[in-house]
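So that the names make sense, note that chain A is the first sequence line, chain B the second, and so on, each numbered from 1.
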Amino acid sequence: MRDLLICFTSDPYASPIAQERIDLVIAALNFDRNAALLLLNESALALNPNQQPIFAKSAAAKLQLLELFDLEDIYVCSNQLPDNSVVAVKEIAESALNDLMNNFKNVWVL
Amino acid sequence: MKFSLLITCAPQLSEMHHDALAFAQAVLDAGHTLEQIFFWGEGTITALNTAVTPRDEHDAASLWRKIAAQANSELNVCIASATRRGVLDGNEAIRHDKGSSSVAPGFSVVGLGSLIEAETGSDRVVRF
């Protein structure tokens, strides 16, 4: 069983948590947790390469940062997946979410 | 069972803090342990020492200190979230040239790694 599945649910610029939650993924990877990321619903908008936020750091750039920390699995279950994605993702169907979550000791929804 | 709490809402969302505090009390009353209480994101404002709660309202920081004392657990505050919200311990205050510490008594400013340790060392991490 794997350690930790971190799920993002909201638009990457929707709230302060949305802008800070990527740090949690990095911390988990730094501590050698067997972690994966799941992008649900509007959080998949972070994969869009065409983002120019004025006040915040680009959510796409932050996702790209995860590759440096050897995050292997970024799962996506969303009808808002952009045509081009800034990082490689694994699309999964809504019906497969339960099985995915059952593979992890902990699931955090942020 | 070993529990840890992740508090991500501001203390001004008093109902959420009320629920979290009630949950913490229930955990202890049922004979479980509270390993760590971790404040992250907007939750770090709970540890802002210069915030003043109106006299006829509950002060979240005081209530958390009581629970932590009862549980013998730590009140940890994420350094990155806290710093951007003006919650600075002595070292950070010096580093950013911001005068003196603004962390409420009983709270410690720590790295996010502490939360991951809580995840490793607890059976359940419950977020409010």
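In terms of hydrophobic clustering, with Ile, Leu, Val, Met, Phe, Trp and Tyr side chains grouped at heavy-atom distances under 4.5 Å, B/Leu34 and B/Leu115 are assigned to different clusters. Cluster annotation: B/Leu6 is not connected to B/Val77 through the hydrophobic network of ILVMFWY side chains, with a link wherever side-chain heavy atoms come within less than 4.5 Å. The cluster map of Ile, Leu, Val, Met, Phe, Trp and Tyr, joined by side-chain heavy atoms under 4.5 Å apart, puts B/Phe38 and B/Val126 in different clusters.
For residues 100-128 of chain B, every residue pair satisfying the ring pair (Phe, Tyr, Trp, His ring centres under 6.0 Å) rule, not counting sequence neighbours, is listed here: B/Phe23-B/Phe128, B/Phe39-B/Phe107. For residues 20-60 of chain A, there are no ring pair (Phe, Tyr, Trp, His ring centres under 6.0 Å) pairs, not counting sequence neighbours.
Atom NE2 of B/His96 sits in a crowded spot, with more than 12 heavy atoms from other residues, nucleotides or ligands closer than 6.0 Å.
Of the two parts of A/Leu110, the backbone and the side chain both hold a non-hydrogen atom closer than 4.5 Å to a non-hydrogen atom of chain B.
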Find the N and O donor-acceptor pairs between chain B and chain A that sit under 3.5 Å apart.
residue	atom	partner	partner atom	Å
B/Ser81	OG	A/Glu20	OE1	2.4
B/Arg85	NH1	A/Glu20	OE2	3.0
B/Arg85	NH2	A/Glu20	OE2	2.7
B/Glu119	O	A/Lys105	NZ	3.3
B/Glu119	OE1	A/Arg33	NE	2.7
B/Glu119	OE1	A/Arg33	NH2	3.1
B/Glu119	OE2	A/Arg33	NH2	3.4
B/Glu119	OE2	A/Asn106	ND2	2.9
B/Arg127	NH1	A/Val109	O	2.7

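Qualifying side chain to side chain contact (heavy atoms under 4.5 Å, CB included) partners for B/Leu21, counting only residues two or more places apart in sequence or in other chains: B/Leu63, B/Trp64, B/Ile67.
Across all their heavy atoms, A/Ala27 and B/Leu112 have their closest contact at CB-CB, 3.7 Å.
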